[in-house]
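Below, chain A is the first sequence line, B the second, and so on; all start at residue 1.
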Amino acid sequence: MKYWLMKSEADVYSIDELKKDRTTMWDGVRNYQARNNMREMRKGDRVLYYHSRQTPPAVVGLANVVKEAYPDPTQFDRKSKYFDAKSNLQDPRWWLVDVRFDRKFDTPVALQEIKDDAKLSGMVLVNNSRLSVQPVTKAEFDRVMKLAGET
DNA sequence: GCCAACGTTGGC
DNA sequence: GCCAACGTTGGC
(Lines give C-alpha, C1' and ligand atoms only; values in the text may rest on other atoms or scores of the structure.)
Protein backbone atom coordinates (compact mmCIF):
# COMPACT_ATOMS: atom_id res chain seq x y z
CA MET A 1 0.00 0.00 0.00
CA LYS A 2 1.18 3.51 -0.79
CA TYR A 3 0.55 6.86 0.84
CA TRP A 4 -0.20 10.22 -0.72
CA LEU A 5 -1.19 13.76 0.04
CA MET A 6 -3.79 15.58 -2.03
CA LYS A 7 -4.47 19.28 -1.80
CA SER A 8 -7.76 20.98 -2.13
CA GLU A 9 -8.52 24.65 -1.82
CA ALA A 10 -10.65 24.74 1.31
CA ASP A 11 -13.19 27.14 -0.19
CA VAL A 12 -13.50 25.18 -3.45
CA TYR A 13 -13.85 21.56 -2.36
CA SER A 14 -13.48 20.92 1.35
CA ILE A 15 -13.36 17.64 3.19
CA ASP A 16 -16.89 18.33 4.39
CA GLU A 17 -18.05 18.26 0.78
CA LEU A 18 -16.16 15.03 0.21
CA LYS A 19 -17.87 13.61 3.28
CA LYS A 20 -21.24 14.60 1.87
CA ASP A 21 -20.44 13.22 -1.61
CA ARG A 22 -18.71 10.13 -0.12
CA THR A 23 -16.73 9.66 -3.37
CA THR A 24 -15.38 12.15 -5.90
CA MET A 25 -13.53 12.34 -9.20
CA TRP A 26 -10.29 14.24 -8.62
CA ASP A 27 -10.74 16.27 -11.79
CA GLY A 28 -9.00 19.39 -13.01
CA VAL A 29 -5.39 18.42 -12.28
CA ARG A 30 -3.33 20.04 -15.05
CA ASN A 31 0.17 19.42 -13.83
CA TYR A 32 2.21 16.52 -15.22
CA GLN A 33 3.90 15.53 -12.00
CA ALA A 34 0.60 15.44 -10.15
CA ARG A 35 -0.93 13.45 -13.02
CA ASN A 36 1.93 10.97 -12.96
CA ASN A 37 1.45 10.50 -9.23
CA MET A 38 -2.25 9.76 -9.75
CA ARG A 39 -1.35 7.14 -12.34
CA GLU A 40 0.81 5.44 -9.70
CA MET A 41 -2.07 5.21 -7.27
CA ARG A 42 -3.66 1.85 -6.52
CA LYS A 43 -7.00 0.98 -5.06
CA GLY A 44 -6.79 1.08 -1.29
CA ASP A 45 -3.93 3.57 -1.09
CA ARG A 46 -4.38 6.10 1.70
CA VAL A 47 -4.55 9.82 1.13
CA LEU A 48 -3.87 12.68 3.51
CA TYR A 49 -6.43 15.37 2.70
CA TYR A 50 -4.92 18.85 2.82
CA HIS A 51 -6.64 22.22 2.82
CA SER A 52 -4.71 25.01 1.12
CA ARG A 53 -5.75 28.65 1.15
CA GLN A 54 -7.24 28.51 4.59
CA THR A 55 -5.85 29.80 7.88
CA PRO A 56 -3.95 27.85 8.87
CA PRO A 57 -3.34 25.47 5.96
CA ALA A 58 -3.54 21.93 7.35
CA VAL A 59 -3.99 18.21 6.85
CA VAL A 60 -7.62 17.82 7.85
CA GLY A 61 -8.43 14.16 7.29
CA LEU A 62 -8.09 10.98 5.31
CA ALA A 63 -9.39 9.52 2.08
CA ASN A 64 -8.83 6.31 0.12
CA VAL A 65 -8.25 5.61 -3.54
CA VAL A 66 -11.29 3.66 -4.80
CA LYS A 67 -10.81 3.80 -8.58
CA GLU A 68 -7.47 3.77 -10.38
CA ALA A 69 -6.46 6.23 -13.09
CA TYR A 70 -8.74 6.90 -16.04
CA PRO A 71 -8.99 9.86 -18.44
CA ASP A 72 -10.31 13.08 -16.90
CA PRO A 73 -13.58 13.71 -18.79
CA THR A 74 -13.40 17.47 -18.23
CA GLN A 75 -10.51 17.77 -20.72
CA PHE A 76 -12.95 16.89 -23.54
CA ASP A 77 -15.79 19.11 -22.32
CA ARG A 78 -15.77 22.41 -24.20
CA LYS A 79 -17.92 23.98 -21.52
CA SER A 80 -15.56 23.02 -18.71
CA LYS A 81 -12.90 25.40 -17.48
CA TYR A 82 -10.61 22.38 -17.59
CA PHE A 83 -11.16 21.83 -21.33
CA ASP A 84 -7.89 21.14 -23.16
CA ALA A 85 -7.97 21.54 -26.94
CA LYS A 86 -4.59 19.85 -27.24
CA SER A 87 -5.79 16.58 -25.76
CA ASN A 88 -7.60 13.88 -27.73
CA LEU A 89 -9.64 10.77 -27.01
CA GLN A 90 -7.08 8.38 -28.51
CA ASP A 91 -4.29 9.70 -26.31
CA PRO A 92 -5.72 11.59 -23.35
CA ARG A 93 -3.37 13.99 -21.69
CA TRP A 94 -4.99 14.21 -18.25
CA TRP A 95 -5.91 11.38 -15.91
CA LEU A 96 -7.58 11.20 -12.54
CA VAL A 97 -8.60 8.81 -9.77
CA ASP A 98 -11.68 8.51 -7.60
CA VAL A 99 -11.23 8.99 -3.88
CA ARG A 100 -13.60 8.20 -1.03
CA PHE A 101 -13.97 9.96 2.29
CA ASP A 102 -12.48 8.05 5.19
CA ARG A 103 -12.47 10.43 8.15
CA LYS A 104 -12.02 13.99 9.27
CA PHE A 105 -9.48 14.62 12.02
CA ASP A 106 -10.67 16.06 15.33
CA THR A 107 -7.26 17.75 15.44
CA PRO A 108 -6.03 18.99 12.04
CA VAL A 109 -2.26 19.04 11.56
CA ALA A 110 -1.24 22.56 10.54
CA LEU A 111 1.44 23.21 7.94
CA GLN A 112 3.52 25.01 10.56
CA GLU A 113 3.50 21.94 12.81
CA ILE A 114 4.71 19.85 9.88
CA LYS A 115 7.46 22.36 9.10
CA ASP A 116 8.52 22.39 12.75
CA ASP A 117 8.70 18.60 13.04
CA ALA A 118 12.18 17.19 12.43
CA LYS A 119 10.72 13.83 11.36
CA LEU A 120 8.78 15.54 8.58
CA SER A 121 11.53 17.71 7.15
CA GLY A 122 11.71 15.54 4.03
CA MET A 123 8.05 15.83 3.13
CA VAL A 124 7.30 17.02 -0.39
CA LEU A 125 4.81 19.43 1.18
CA VAL A 126 7.68 21.20 2.90
CA ASN A 127 10.05 21.15 -0.07
CA ASN A 128 7.81 21.56 -3.10
CA SER A 129 4.82 23.42 -1.81
CA ARG A 130 3.07 23.75 -5.16
CA LEU A 131 2.64 20.08 -6.08
CA SER A 132 -1.02 19.21 -5.53
CA VAL A 133 -0.74 15.41 -5.59
CA GLN A 134 2.35 14.12 -3.86
CA PRO A 135 3.81 10.91 -2.46
CA VAL A 136 4.19 10.46 1.30
CA THR A 137 6.36 7.81 2.95
CA LYS A 138 4.86 5.40 5.47
CA ALA A 139 6.97 6.98 8.21
CA GLU A 140 5.67 10.44 7.29
CA PHE A 141 2.10 9.17 7.12
CA ASP A 142 2.37 7.53 10.53
CA ARG A 143 3.91 10.66 12.00
CA VAL A 144 1.14 12.92 10.69
CA MET A 145 -1.44 10.48 12.07
CA LYS A 146 0.28 10.68 15.45
CA LEU A 147 0.26 14.49 15.40
CA ALA A 148 -3.45 14.31 14.58
CA GLY A 149 -4.00 12.06 17.58
CA GLU A 150 -5.26 9.30 15.28
CA THR A 151 -4.44 5.63 15.62
C1' DG B 1 -4.39 41.17 -1.74
C1' DC B 2 0.58 40.65 -2.36
C1' DC B 3 4.22 38.35 -4.19
C1' DA B 4 7.82 34.46 -4.25
C1' DA B 5 8.38 30.19 -6.26
C1' DC B 6 7.53 27.32 -9.72
C1' DG B 7 5.82 25.26 -14.24
C1' DT B 8 4.78 26.09 -19.04
C1' DT B 9 5.05 28.35 -23.44
C1' DG B 10 7.09 29.88 -27.42
C1' DG B 11 10.56 32.76 -30.01
C1' DC B 12 14.98 32.34 -31.50
C1' DG C 1 17.66 23.48 -26.50
C1' DC C 2 17.90 27.85 -24.05
C1' DC C 3 15.67 31.11 -21.52
C1' DA C 4 12.58 35.28 -21.06
C1' DA C 5 7.94 36.09 -20.41
C1' DC C 6 3.96 34.76 -18.57
C1' DG C 7 0.39 32.42 -15.67
C1' DT C 8 -0.72 29.96 -11.47
C1' DT C 9 -0.30 28.33 -6.78
C1' DG C 10 -0.51 29.03 -2.20
C1' DG C 11 1.58 30.95 2.19
C1' DC C 12 1.41 34.96 4.54
Side-chain angles (χ1 to χ4, degrees), chain A residues 2-21 24-41 45-65 69-137 139-150:
Chain A
K2 287 186 183 164
Y3 302 89
W4 309 92
L5 180 146
M6 294 173 100
K7 288 188 200 174
S8 185
E9 294 176 45
D11 54 340
V12 174
Y13 192 79
S14 71
I15 195 164
D16 293 322
E17 284 174 85
L18 178 62
K19 183 178 183 179
K20 181 161 53 80
D21 294 344
T24 198
M25 281 193 317
W26 207 261
D27 61 9
V29 170
R30 295 295 180 266
N31 170 283
Y32 291 106
Q33 228 182 320
R35 178 205 67 182
N36 293 346
N37 286 334
M38 282 202 286
R39 287 202 204 167
E40 293 288 311
M41 289 181 174
D45 284 358
R46 308 190 79 186
V47 176
L48 295 171
Y49 199 100
Y50 180 86
H51 278 175
S52 66
R53 300 191 73 94
Q54 72 167 8
T55 307
V59 177
V60 294
L62 286 182
N64 296 310
V65 176
Y70 60 100
D72 181 343
T74 63
Q75 72 195 301
F76 305 121
D77 178 2
R78 290 189 169 277
K79 282 174 284 186
S80 170
K81 68 171 175 171
Y82 299 123
F83 177 70
D84 184 350
K86 293 179 185 165
S87 188
N88 65 80
L89 282 165
Q90 288 68 40
D91 184 21
R93 182 180 288 200
W94 305 113
W95 297 66
L96 53 69
V97 296
D98 286 358
V99 300
R100 177 185 292 154
F101 176 80
D102 178 340
R103 75 185 95 153
K104 184 177 177 180
F105 294 157
D106 291 331
T107 312
V109 182
L111 177 61
Q112 193 59 55
E113 267 183 274
I114 290 172
K115 285 182 172 173
D116 290 344
D117 193 303
K119 292 194 173 80
L120 297 175
S121 62
M123 273 189 88
V124 178
L125 187 68
V126 175
N127 300 295
N128 181 3
S129 64
R130 293 190 43 185
L131 185 60
S132 65
V133 178
Q134 45 181 268
V136 172
T137 67
E140 290 163 351
F141 181 87
D142 290 345
R143 181 65 180 167
V144 171
M145 290 292 278
K146 191 175 180 196
L147 293 176
E150 299 279 327

Given C:dG11, B:dG7, B:dC6, identify the nucleotide with an atom nearest to the side chain of A:Gln33. B:dG7
List the residues meeting salt bridge (Lys or Arg N to Asp or Glu O under 4.0 Å) with A:Glu9, not counting sequence neighbours, and say none if there are none. none
I want to verify a distance call: between C:dC12, C:dG11, B:dC6, whose nearest atom is closest to the A:Gln112 side chain? C:dC12
Can you identify which nucleotide, out of C:dG11, B:dA5, B:dG7, has its nearest atom closest to the A:Pro57 side chain? C:dG11
Roughly how many Å is it from CD in A:Gln54 to C1' in B:dG1, rounded to a whole number? 18 Å
Side chain of A:Asn31, heavy atoms from C-beta onward: which of B:dG7, C:dG11, B:dA5 has the nearest atom to it? B:dG7
Full working for salt bridge (Lys or Arg N to Asp or Glu O under 4.0 Å) between A:Arg143 and A:Asp117: CA-CA 9 Å; A:Arg143 181 65 180 167; A:Asp117 193 303; 2.8 Å; yes
Atom-pair distance (CG on A:Asn128; P on B:dA4), nearest Å: 18 Å
Could you tell me the separation between the CG atom of A:Asp84 and the P atom of C:dG7, rounded to a whole number of Å? 17 Å
Of B:dG10, C:dG11, B:dA5, the nucleotide closest to the side chain of A:Lys86 is B:dG10
Tell me: CG of A:Asn36 to P of B:dG7, nearest whole Å? 13 Å
Mapping A:Arg93 and A:Arg130 onto DNA chain B by nearest heavy atom, which one lands closer to the 5' end? A:Arg130
Do the side chain of A:Asp72 and the main chain of A:Gly28 share a donor and acceptor less than 3.5 angstrom apart? yes
When you look at CZ of A:Arg30, are more than 12 heavy atoms from neighbouring residues, nucleotides or ligands closer to it than 6.0 Å? yes
Any chance you could measure A:Leu131, atom CG, to A:Lys7, atom NZ, to the nearest 0.5 Å? 7.0 Å
Rounded to whole Å, how long is the line connecting atom CZ of A:Arg35 with atom C1' of B:dG7? 14 Å
Just how far, in rounded Å, is C1' of B:dG7 from CD of A:Gln134? 16 Å
Within residues 4-15 of chain A, which residues have any heavy atom lying less than 4.0 Å from an atom of DNA chain B? none
Could you tell me how far apart A:Asp116 (CG) and C:dG11 (P) are, to the nearest whole angstrom? 15 Å
Atom CG of A:Leu131 to atom P of B:dA5: distance rounded to whole Å? 18 Å
Within the 6.0 Å centroid threshold, strictly below: A:Tyr70 and A:Trp94: no
Against the side chain of A:Tyr32, the closest entry in C:dG11, B:dG7, B:dT8 is B:dT8
Considering residues, nucleotides and ligands other than A:Asp116, do more than 12 of their heavy atoms fall under 6.0 Å from its CG? yes
